[in-house]
Amino acid sequence: MTIITLAKGVNMGLRAAMEADPKVLVMGEDVGKLGGVFRVTDGLQKDFGEDRVIDTPLAESGIIGTAIGLALRGYRPVCEIQFDGFVYPAFDQIVSQLAKMRARALGYISLPVVVRIPVGGGIGAVEHHSESNEAYFAHTAGLRVVACSNPVDAYFMTQQAIASDDPVILYEPKRRYWEKADLDESLALEQAAPLHSARVLREGTDVTVIAYGPMVKTAMEAATAAAEEGQDIEVVDLRSLSPLDTETIEASARKTGRVVVVHEAPGFLGMGSELAARITERCFFSLEAPVLRVTGFDTPYPPSRVEEEYLPDLDRILDAVDRSLSY
Amino acid sequence: MTIITLAKGVNMGLRAAMEADPKVLVMGEDVGKLGGVFRVTDGLQKDFGEDRVIDTPLAESGIIGTAIGLALRGYRPVCEIQFDGFVYPAFDQIVSQLAKMRARALGYISLPVVVRIPVGGGIGAVEHHSESNEAYFAHTAGLRVVACSNPVDAYFMTQQAIASDDPVILYEPKRRYWEKADLDESLALEQAAPLHSARVLREGTDVTVIAYGPMVKTAMEAATAAAEEGQDIEVVDLRSLSPLDTETIEASARKTGRVVVVHEAPGFLGMGSELAARITERCFFSLEAPVLRVTGFDTPYPPSRVEEEYLPDLDRILDAVDRSLSY
Amino acid sequence: MSENAAGSARDTAAGRVPPRGSEPELVQLLTPEGERVEHPDYSLEIADDELRALYRDLVLVRRVDSEATALQRQGELGIWASLLGQEAAQVGSGRAMAEDDYAFPTYREHGVAWCRGVDPLNLLGLFRGVNHGGWDPNEKNFHLYTIVIGAQTLHATGYAMGMQKDGAESAVIAYFGDGATSQGDVNEAFIYASVFNAPVVFFCQNNQWAISEPIEKQTRIPLYQRAMGFGFPGVRVDGNDVLAVLAVTRAALQNAREGSGPTLVEAYTYRMGAHTTSDDPTRYRLTQELESWKLKDPIERVKAYLVRTGKADQAYFDGVEREADELAAYVRKGCLEMSDPDPLSIFDHVYAERHPLVEEEREQFATYLDTFQSADGLEEAAAPTGGH
Amino acid sequence: MSENAAGSARDTAAGRVPPRGSEPELVQLLTPEGERVEHPDYSLEIADDELRALYRDLVLVRRVDSEATALQRQGELGIWASLLGQEAAQVGSGRAMAEDDYAFPTYREHGVAWCRGVDPLNLLGLFRGVNHGGWDPNEKNFHLYTIVIGAQTLHATGYAMGMQKDGAESAVIAYFGDGATSQGDVNEAFIYASVFNAPVVFFCQNNQWAISEPIEKQTRIPLYQRAMGFGFPGVRVDGNDVLAVLAVTRAALQNAREGSGPTLVEAYTYRMGAHTTSDDPTRYRLTQELESWKLKDPIERVKAYLVRTGKADQAYFDGVEREADELAAYVRKGCLEMSDPDPLSIFDHVYAERHPLVEEEREQFATYLDTFQSADGLEEAAAPTGGH
Ligand SMILES: Cc1ncc(C[n+]2csc(CCOP(=O)(O)OP(=O)(O)O)c2C)c(N)n1
Ligand SMILES: Cc1ncc(C[n+]2csc(CCOP(=O)(O)OP(=O)(O)O)c2C)c(N)n1
Ligand SMILES: [Mg+2]
Ligand SMILES: [Mg+2]
């Protein structure tokens with residue numbers, strides 16, 4: 001057992017994948033000597049060389065575009081996008097090329113490319129450094145989109161994403177980079193939960209709270225607080241945003257009959273809308289209340305001094321739980 | 001009364017706006033002499049000159065980026081994106097700049113930029129020419145997103161979009177460009193329905209079918225067919241995708257208790273998911289059935305010889321109506 | 001140094017694009033009249049049978065092209081992007097490639113596809129709408145057509161970076177048009193290629209037009225000079241001269257393989273047809289321009305040279321014509337026989353690994369379809385190609 | 001012509017970026033030792049009081065910067081991007097602008113902001129996280145800071161196109177860094193500017209680093225030469241020489257105003273501090289490099305010149321120091337007094353016109369907040385600035 005941070009979990013996951021397969025590359029801005037602005041790639045260039053840990057020019061479309069070329073040549077590039085808000089220059093390469101190329105080629109080629117994105121707010125940063133843009137990619141057929149919420153998942157999901165023959169967008173909750181947990185390094189990758197499975201983190205009977213990435217911790221805190229008031233909340237860590245683990249989600253929704261979805265991204269057309277639509281479609285007669293959403297507002301992410309108001313917090317979750325129970 | 005096509009409606013709308021305000025510019029690829037690949041800007045350069053109808057270099061980020069600069073200087077640029085699938089290179093300029101700049105500047109500046117996008121499939125085109133990407137922009141705070149479905153709306157909505165001091169994404173259903181309707185040119189812009197209003201196109205009592213853009217015609221055909229089988233369908237032309245005209249939508253949902261949303265875009269996180277989530281949230285106790293979605297599949301848009309299978313059609317809408325009624 | 005550079009750039013800027021129709025200085029080995037000329041930097045030793053083979057390639061790809069255009073007019077293709085006028089640029093560069101080299105085309109590289117051994121029916125399949133190409137890129141070392149302007153130049157650069165990592169003695173060609181040079185992606189490809197010294201040849205077919213926009217809308221100096229700004233060589237070649245294109249591209253590929261990094265080749269040519277069959281060029285350009293370019297036809301000059309030098313006789317030309325007729329017939333027959341894809345193929349190949357949502361939609365749709373009809377199968381046929 | 005160009009590009013490519021620390025040829029009017037030198041292309045007549053004013057600007061912006069760094073260390077700012085070392089590049093170019101000219105900055109142009117009359121507290125507000133700048137761009141002819149690398153170069157170009165349409169005799173400066181030159185947007189800006197001959201000066205502060213990446217990761221030739229590839233002049237100026245920057249930028253702006261189109265100015269300088277206060281440059285660069293650049297300090301050389309020529313005396317320098325102290329105190333006090341925004345301000349200014357969803361969320365949130373607390377107000381104060 002080792003105590004690791006979430007950042008370290010990704011780092012160790014990258015290292016394990018690079019050791020296991022010489023075709024795995026890490027590329028992005030400042031991933032080399034600096035080890036990335038969050039130090040997630042710390043030490044990798046030193047140990048694997050500049051040929052495998054590549055500081056790229058400052059151009060995100062170039063990062064993804066050349067990664068596609070490298071993948072066509074047999075490599076497995078893991079691209080770092082420095083902050084969520086800087087992925088947009090690569091949008092065409094991601095949604096028109098990376099996502100669609102396999103279908104375009106009738107399956108003759110696959111693109112095992114991972115795009116790592118530190119995501120979300122809460123770190124007091126300036127504009128563009130706190131965005132939650134998962135809905136764009138989850139809406140894009142051809143991509144897989146996952147979000148880790150804790151150090152152990154970070155370690156395994158990184159490796160699973162790299163092992164996937166499909167392109168995977170891997171969201172890392174940046175304000176949880178320094179959260180710690182115990183990792184049992186003797187566990188094999190095969191023993192980890194499948195990449196696209198959700199996880200019931202806390203069983204409960206009254207209301208299901210679904211969260212992912214940075215909001216999982218907040219949801220757990222809300223559940224603890226609610227327990228003191230006698231509310232028994234079930235918390236589901238979604239983990240996979242596309243595809244969804246509908247089985248786990250539906251089972252929980254059927255059990256509690258009440259669902260609250262929590263995310264930092266704006267609500268309008270956010271993950272919560274898809275979850276609400278799908279759960280309602282599948283569990284119509286089991287629901288006691290409409291699926292409620294606790295999300296960022298439908299505004300640009302605000303200046304950091306007011307971000308705590310923008311971001312869903314324990315109180316807003318509990319408020320939604322109360323509203324759900326009031327139906 | 002003049003009979004016009006939808007393409008002509010946009011054309012006349014542009015012309016009217018350019019005549020009314022010398023600051024209105026048209027810019028994009030091939031919008032000049034050629035009049036655009038769909039001839040929507042036909043004749044404008046001849047009449048307003050190269051200074052106001054600008055053939056740009058082949059670079060979409062450049063189109064939107066320079067349009068922002070022109071808007072900052074007091075112009076009102078109307079940008080044409082040649083086909084839906086070619087807007088992605090401009091994604092950063094649209095979502096990080098165009099959408100957010102006003103809030104960034106505490107309202108000191110506004111960006112009255114219109115981005116016209118011929119959208120959707122059904123014209124037998126090759127890849128990237130048939131996409132429905134409205135969900136990306138509707139999820140983006142700071143933008144307004146509208147879709148016209150007929151020549152008269154095309155005429156008025158174009159002018160309203162240009163008159164708006166906010167950035168507007170205007171979707172034009174390309175396979176309906178040649179649909180015809182009567183335009184009463186004596187109508188003033190003020191007499192047209194507000195840009196962000198939905199319209200009940202056909203009143204009905206059994207099921208509400210919500211559609212927009214190219215699917216409105218299909219929905220109307222479905223309603224006619226259903227009528228023969230004794231089903232009384234209400235058809236709502238959404239017109240505005242962001243913001244939604246929730247009042248009209250909710251009123252209809254409450255009335256029929258059954259809603260089917262139709263769009264060409266993939267279902268997962270498509271407009272249907274937001275409509276389903278919202279309607280269920282607001283009209284929980286009025287719904288007899290879950291909101292059902294008839295959409296493109298969650299795959300890349302297929303080769304054109306099979307696109308009719310991909311696109312929602314009359315039969316798939318009727319199938320969903322039947323399913324809705326079976327609850 | 002800084003002032004000189006600034007000064008010279010100013011001169012260049014002042015110079016602008018030479019007026020349309022004027023003769024730019026470019027590498028040429030065969031004049032429009034079919035005379036063989038020498039060039040100090042680019043010599044070419046070429047055997048007679050190779051020369052005849054090039055002629056054959058030019059004729060055959062033009063015939064595929066014209067047959068496809070005819071098929072489109074008859075409603076068999078949704079659209080067709082003709083290469084008319086660009087045969088030499090494509091065959092010259094396509095034949096310059098070694099087997100292990102790799103090409104990343106746009107949507108117009110039918111001549112290069114031919115050289116790489118791609119069945120022309122695959123190309124027609126794309127424009128008919130039965131698939132997006134349908135060949136195995138790695139079998140042909142020829143990537144799928146890319147329609148989003150410029151995107152493939154980054155894929156090409158990444159692929160070349162991979163070759164470099166592999167220590168392979170190979171190179172990549174990235175094809176793109178004059179219009180494409182304005183895209184951010186193409187410029188980023190220049191940057192990545194130069195910074196990593198990647199073995200990639202940027203092959204720009206300047207056919208003078210990007211749909212309705214003349215080259216002046218994309219640049220104010222000759223395009224090959226763009227390379228200077230990124231620190232690698234640029235060269236302008238007569239794109240209607242198959243020999244010059246062959247020699248220049250060969251040299252650029254060889255430089256790349258030897259570790260000298262990227263080169264920009266501007267093949268100066270002309271789009272003799274419409275942008276695609278959907279386009280109407282009479283709206284934006286003068287026939288006079290077209291007429292002047294007819295005199296520079298890429299096939300006529302090779303024929304004139306072969307005839308004058310006696311390297312080919314009438315029997316040879318007749319043979320090539322016959323072959324072209326056969327090829328056209330093959331293309332026509334194959335096109336007409338192409339069946340529509342199975343509706344359920346929409347769900348194929350989206351993911352390499354299992355995907356519950358796609359599986360669910362596939363199943364639901366299959367059940368739904370069963371209430372109407374049963375799906376058709378797909379057929380395939382063997383094909384004559386120009387490949388290795 | 002093609003071969004020559006190709007040849008010269010090849011030479012350039014072979015040349016690569018000169019080794020770090022070597023002296024590149026650049027326009028200089030004041031040596032690091034404070035000696036006034038002449039340059040054949042760029043002369044500068046400057047009155048003594050203007051010279052002293054430049055010195056004052058340099059000292060004051062450095063003091064604002066160091067005070068902000070200190071405030072960040074004390075937790076008053078979330079982050080700060082220091083301009084240390086780049087004062088001359090910013091003041092020289094900022095002071096070259098006429099009142100009607102317009103600047104589009106990155107996130108580091110505190111010195112230019114100063115010259116445009118933006119209250120330093122606005123800059124601190126952004127880094128403290130109370131807003132995204134908060135000044136009225138049109139009042140200062142100084143756009144908001146742009147954080148997405150390169151995006152503002154297109155805005156600048158569009159703005160310049162607008163000036164051109166207006167027939168205004170004005171020009172735009174687009175600021176960006178060495179790293180930014182790799183972005184597609186910046187290259188597209190070069191293309192639009194050259195094709196439309198827009199009155200824009202591309203002002204690149206090559207401070208040798210993009211966070212941890214040295215300039216070699218972005219280019220293999222000197223950056224000012226990039227302009228050659230786009231057909232407009234590029235010039236490298238000593239970015240630590242306020243006089244040279246002033247002269248070169250003035251000339252470029254004047255050319256732009258007169259219809260000669262864009263110029264790329266590469267201000268060759270050095271980022272003396274960390275990328276931002278969050279950065280740790282010891283992980284990736286040698287102090288030796290830093291030491292060598294200390295000798296080229298942009299302020300020291302002006303002071304040396306003023307002293308040697310007797311254009312300023314100790315009393316003057318003392319006066320400037322006092323002013324700097326006062327400014328620092330103003331900045332500190334203003335920063336500490338800055339109140340957090342009203343939570344409901346999140347919903348302000350998103351749209352110019354009514355938006356039901358935003359209104360609804362605002363109302364709901366207000367109701368929700370009412371159950372906890374009442375919101376705070378915002379305060380503002382008048383400010384000393386360096387503006388017109
Ligand atoms: C990103 C993008 N924008 C627009 C288009 C539409 N389009 C297709 S071809 C074309 C012109 C291309 O010109 P050029 O690069 O010169 O190539 P050519 O067609 O002349 O071979 C345009 C604008 C596209 N395919 N991709
Ligand atoms: C599109 C984008 N990608 C990445 C970043 C993160 N980032 C901020 S500053 C920076 C380096 C910029 O270097 P340079 O252009 O040289 O400017 P400098 O900071 O040296 O002034 C990076 C990568 C960003 N802001 N925008
Ligand atoms: Mg062209
Ligand atoms: Mg820098």
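Atom set for the values below is all heavy atoms of this structure, side chains included, hydrogens, waters and symmetry mates excluded. Here is the naming used below: chain letters follow the sequence lines, and residue numbers restart at 1 for every chain.
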Which residues from residues 316-327 of chain B are near chain C, with near meaning under 4.5 Å between non-hydrogen atoms?
B:Arg316, B:Asp319
Under 4.5 Å from any heavy atom of chain B - which part of C:Ile79:
side chain
Residues, nucleotides or ligands: over 12 heavy atoms within 6.0 Å of C:Gln74 CD
yes
Heavy-atom distance under 4.5 Å to chain B: side chain of C:Arg128, backbone, both or neither?
both
Side chain, backbone, both or neither: which part of C:Leu357 has a non-hydrogen atom closer than 4.5 Å to chain B?
side chain
State whether the side chain of C:Gln218 and the backbone N or O of B:Pro57 hold a donor-acceptor pair below 3.5 Å, judged by distance alone.
no
Atom CG of C:Asp280 and atom CG of B:Leu34: how far apart are they, to the nearest 0.5 Å?
8.0 Å
Cut-off 4.5 Å, heavy atoms of chain B, and the answer for C:Phe365 is side chain
For residues 145-153 of chain C, give me every residue with a non-hydrogen atom less than 4.5 Å from any non-hydrogen atom of chain B.
C:Ile147, C:Val148, C:Ile149
Looking at chain B, which one of C:Ser182, C:Gly125, C:Ala210 has the largest number of heavy-atom pairs inside 4.5 Å, strictly under?
C:Ser182
Contact leader toward chain C among B:His129, B:Lys33, B:Glu60, B:Glu127, where contacts are heavy-atom pairs under 4.5 Å:
B:Glu127
State, with a plain yes or no, whether a side-chain heavy atom of C:Val350 is found less than 4.5 Å away from one of B:Pro300.
yes
Honestly, the part of B:Gln82 sitting under 4.5 Å from a heavy atom of chain C is side chain
Partners of B:Pro266 by side-chain contact (heavy atoms from CB on, under 4.5 Å), sequence neighbours excluded?
A:His139, B:Asp298, B:Tyr310
Less than 4.5 Å to any heavy atom of chain C: does that hold for the side chain of B:Phe268, its backbone, both, or neither?
side chain
Checking heavy atoms, do the side chain of B:Phe297, its backbone, both or neither come under 4.5 Å from chain C?
both
Using a 4.5 Å cut-off on heavy atoms from C-beta on, say whether the side chain of B:Val306 contacts that of C:Pro343.
yes
Under the side-chain contact (heavy atoms from CB on, under 4.5 Å) criterion, do C:Asn131 and B:Arg305 qualify, and how do the steps go?
CA-CA 8 Å; C:Asn131 58 37; B:Arg305 286 271 168 164; over 6 Å; no
Straight-line distance of B:Leu58 CG to C:Thr181 OG1, nearest 0.5 Å:
8.5 Å
Okay, B:Glu308 and chain C: the region with an atom under 4.5 Å from a heavy atom over there is neither
Which value, rounded to the nearest 0.5 Å, describes the distance between C:Ile211 atom CD1 and B:Asp30 atom CG?
4.5 Å
Listed partners of B:Pro173 passing side-chain contact (heavy atoms from CB on, under 4.5 Å), at least two apart:
B:Leu6, B:Cys148, B:Arg176, B:Pro214
Which distance, rounded to the nearest 0.5 Å, do you find between the CZ of C:Phe372 and the CG of B:Asp315?
4.0 Å
Evaluation steps, salt bridge (charged side-chain N to carboxylate O under 4.0 Å, His left out), between C:Arg283 and B:Asp42
CA-CA 11 Å; C:Arg283 290 178 72 100; B:Asp42 194 25; 2.5 Å; yes
Where does B:Glu29 contact chain C at under 4.5 Å (heavy atoms): side chain, backbone, both or neither?
both
Can you find a heavy atom in the side chain of B:Val126 that is under 4.5 Å from one in the side chain of C:His132?
no
